[in-house]
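The structure under discussion appears below in the form of structure tokens.
Note: hydrogens, waters and symmetry copies are ignored here, and every other heavy atom, side chains too, is used. Here is how names work: the chains are called A, B, and so on, in the same order as the sequence lines, proteins then strands, and each is numbered from 1. Please read all numbers here as calculations on a predicted model, not as lab measurements.
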Number of protein chains: 2
Amino acid sequence: MTEATRRDRPRVDTEREIRREARRLLVEQGREAVTLRAIARHLGITAPALYRYYDSREDLLQRVIDDVCLDLAAELTADLVAVGEEDMLGGVFAVCRGFRRWALAHPQEFTLVFASPAEQEPEAAPCAFGGAGKLVQPAKDQFGRIFLSVASKVLATHQLPAPSDEEVPEQLRADLSGFRDTLVHTLVQQGIELPDQALSLGTVYFMLQFWVRLYGHVALEVFGRFPFAVSNAEPLFESMLTELAGAIQAA
Amino acid sequence: MTEATRRDRPRVDTEREIRREARRLLVEQGREAVTLRAIARHLGITAPALYRYYDSREDLLQRVIDDVCLDLAAELTADLVAVGEEDMLGGVFAVCRGFRRWALAHPQEFTLVFASPAEQEPEAAPCAFGGAGKLVQPAKDQFGRIFLSVASKVLATHQLPAPSDEEVPEQLRADLSGFRDTLVHTLVQQGIELPDQALSLGTVYFMLQFWVRLYGHVALEVFGRFPFAVSNAEPLFESMLTELAGAIQAA
DNA sequence: ATCGGGTTGTAAACGCCGTTAACTCTCCGT
DNA sequence: ACGGAGAGTTAACGGCGTTTACAACCCGAT
């Protein structure tokens with residue numbers, strides 16, 4: 001099953017170089033400039049050769065998105081370890097600031113990953129034989145999951161403020177509960193042992209609300225869509241973090 | 001100066017029909033499908049003829065964006081009047097819910113207008129002769145201005161909660177102050193008389209913060225980018241509005 | 001009545017693009 | 001030595017934005 005590693009090495013190298021060049025074009029000139037012919041030109045080959053590696057331009061772009069997500073996750077994780085295990089609030093801040101810094105430094109990648117209409121899942125083709133198996137959502141690394149899986153690691157292992165108990169809207173509880181299970185499962189898989197009933201529903205709800213604010217601020221700043229010219233949005237961002245800190249401290 | 005109106009009428013009709021078709025393509029198949037040749041085909045002309053009306057595809061798209069903004073503003077204003085002049089909180093709610101409803105009903109238009117990297121203003125080419133005149137920012141109708149100009153009308157004329165006094169970050173005060181002046185100017189122009197020192201800096205700051213949340217929620221919902229599958233985001237949205245109401249009631 | 005210019009359209013072309021099909025060539029296992 | 005798989009090529013199709021040159025038309029001025 002793994003006897004092909006030798007012959008396959010140049011192949012994955014080429015695959016990586018294609019994505020590297022695709023990403024360079026994305027960063028420097030935006031999504032529309034990521035063109036099969038431009039990539040091929042830079043690699044010294046012709047465009048149809050790329051079809052040996054990717055099904056289509058859209059397929060290639062999706063792989064690039066995955067790469068970007070991995071990089072972002074790595075960067076946020078690095079920020080997190082740099083701040084030290086014990087400093088919980090500092091960890092949350094580091095992830096938030098890291099996300100903003102990354103988005104501002106990589107606006108095209110942010111736009112591609114976080115601000116493109118995501119195709120809704122294709123309605124789960126019904127299985128004629130009732131084979132509704134486990135259907136574990138595959139990683140789907142994307143999205144705020146990057147952020148929240150890191151943030152939840154911090155929040156869950158530090159017995160947080162318990163910001164609210166059951167004032168979370170009833171219709172959201174099922175979704176939140178499912179998401180909590182996913183988070184717990186992810187954390188356990190990473191070898192993190194959890195306190196007894198860590199991650200209350202209220203905590204997950206709190207994280208979701210804060211993700212809305214974090215994403216809103218970053219997207220508005222990247223897109224330059226504040227309702228007026230903000231000469232420096234950092235104080236606004238920092239005041240949001242301060243407010244977060246206040247809410248957490250009021251355990 | 002206006003003697004050409006008669007002869008120009010067919011021209012603006014054609015201009016409108018072009019944008020109408022462009023918008024149909026945008027709504028039905030997304031931005032990339034808005035193609036000069038497709039538009040021309042539908043109008044029974046050839047693509048180069050469109051250059052008699054718009055400088056380029058990019059120029060046409062910008063005009064479409066302006067149209068979309070006008071429609072959105074009109075829709076929100078209609079929502080606002082439907083709720084009645086006296087019901088302040090209802091007015092704010094109506095605008096917020098209207099914005100969400102519009103965004104969910106017009107995802108492609110929302111993406112184009114609210115989630116595309118806006119070209120930063122070109123650094124204000126320096127005038128050699130120090131002719132730094134008034135430089136009143138032209139309407140630039142776009143963005144949250146649509147929302148905020150409506151919301152501020154409500155907030156300013158109803159002597160709001162005074163949600164905070166001078167706890168707004170120092171570095172934001174200049175920007176906020178300038179924006180407040182713009183808002184006041186706009187409102188006065190609309191014939192709305194303002195209380196003495198309406199629209200405190202804290203009120204504008206509050207509106208800005210809430211715009212971040214409103215935009216964040218709507219964008220996440222349109223893009224399907226919540227960190228987990230949310231079967232119905234409306235309760236989350238409504239809880240945000242409830243929180244807003246609480247903050248306002250605590251005058 | 002005719003001229004001339006502005007307005008609105010056309011056809012042809014250029015150089016891009018994604019994608020497909022048919023083909024070479026090279027390597028490697030049998 | 002053969003044959004197939006892998007990786008690349010060339011040629012082509014249709015579509016795209018855009019430019020250029022040219023035709024038709026309206027309309028006011030001579």
Starting at atom [atom1] of [X], determine the distance to atom [atom2] of [N], rounded to an integer number of angstrom.
X: B:E15; N: C:dT7; atom1: CD; atom2: P; answer: 13 Å
X: A:L50; N: C:dC17; atom1: CG; atom2: C1'; answer: 13 Å
X: A:L43; N: D:dA7; atom1: CG; atom2: C1'; answer: 13 Å
X: A:E32; N: C:dG18; atom1: CD; atom2: C1'; answer: 14 Å
X: A:Y54; N: D:dA7; atom1: OH; atom2: P; answer: 13 Å
X: B:D55; N: D:dT19; atom1: CG; atom2: C1'; answer: 14 Å
X: B:L60; N: D:dC16; atom1: CG; atom2: P; answer: 14 Å
X: B:I39; N: D:dT18; atom1: CD1; atom2: P; answer: 11 Å

With a 4.5 Å heavy-atom cut-off, do [X] and [Y] have their side chains touching?
X: A:L112; Y: A:E109; result: no
X: A:V188; Y: A:V184; result: yes
X: B:V230; Y: B:E221; result: no

**Request:** Mark yes or no for whether B:H217, through its side chain, and B:R213, through its backbone, hold a donor-acceptor pair below 3.5 Å.
**Result:** no

**Prompt:** Is the backbone N or O of B:A38 less than 3.5 Å from a side-chain atom of B:T35, with the two atoms forming a donor-acceptor pair by type?
**Reply:** no

**Asked** Is a salt bridge present between B:D66 and B:R63, judged by a nitrogen-to-oxygen distance below 4.0 Å?
**Response** no

**Salt bridge A:D79-A:R97, side-chain N to carboxylate O under 4.0 Å** =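 The answer is no: the pair does not qualify as a salt bridge.
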
**Qualifying residues under ring pair (Phe, Tyr, Trp, His ring centres under 6.0 Å), relative to A:F99, sequence neighbours excluded** = A:F114, A:W211

Check whether any side-chain N or O of [X] sits under 4.0 Å from OP1 or OP2 of [N], and answer yes or no.
X: B:S56; N: D:dG17; result: no
X: A:Y51; N: C:dT20; result: no
X: A:T35; N: C:dG18; result: yes
X: B:R11; N: C:dT7; result: no
X: B:Y53; N: C:dT7; result: no

Identify all side-chain donor-acceptor contacts of residues 40-55 of chain A below 3.5 Å with residues at least two apart in sequence or on another chain.
residue	atom	partner	partner atom	Å
A:H42	ND1	A:E21	OE1	3.1
A:Y54	OH	A:E15	O	3.1
A:Y54	OH	A:R19	NH1	3.0

**Request:** Would you name the heavy atoms of B:F110 and B:F223 that are closest together and state the gap between them?
**Result:**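 Smallest interatomic distance, heavy atoms only, reads CE2-CZ, 4.2 Å.
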
**Message:** Could you report the tightest heavy-atom contact between B:F226 and B:A233, atom names first, then the distance?
**Reply:**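 It is CE1-CB, 4.0 Å.
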
**Message:** Below 4.0 angstrom, which residues in residues 17-31 of chain A have at least one non-hydrogen atom near DNA chain D?
**Reply:**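 By residue number: none to list.
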
Atom pairs under 3.5 Å, N or O on each side, protein against nucleotides 10-14 of chain C: can you list them with distances?
residue	atom	partner	partner atom	Å
C:dT10	OP2	B:T46	N	2.7
C:dT10	OP2	B:T46	OG1	2.7

Just distance, no hydrogens or angles: give the donor-acceptor pairs under 3.5 Å from side chains in residues 25-32 of chain B, sequence neighbours left out.
residue	atom	partner	partner atom	Å
B:E28	OE1	B:R24	NH1	3.1
B:E28	OE2	B:R24	NH1	3.4
B:R31	NH2	B:E58	OE2	3.0

Restricting to nitrogen or oxygen on both sides, can you table the protein-nucleotides 24-26 of chain C pairs closer than 3.5 Å?
none

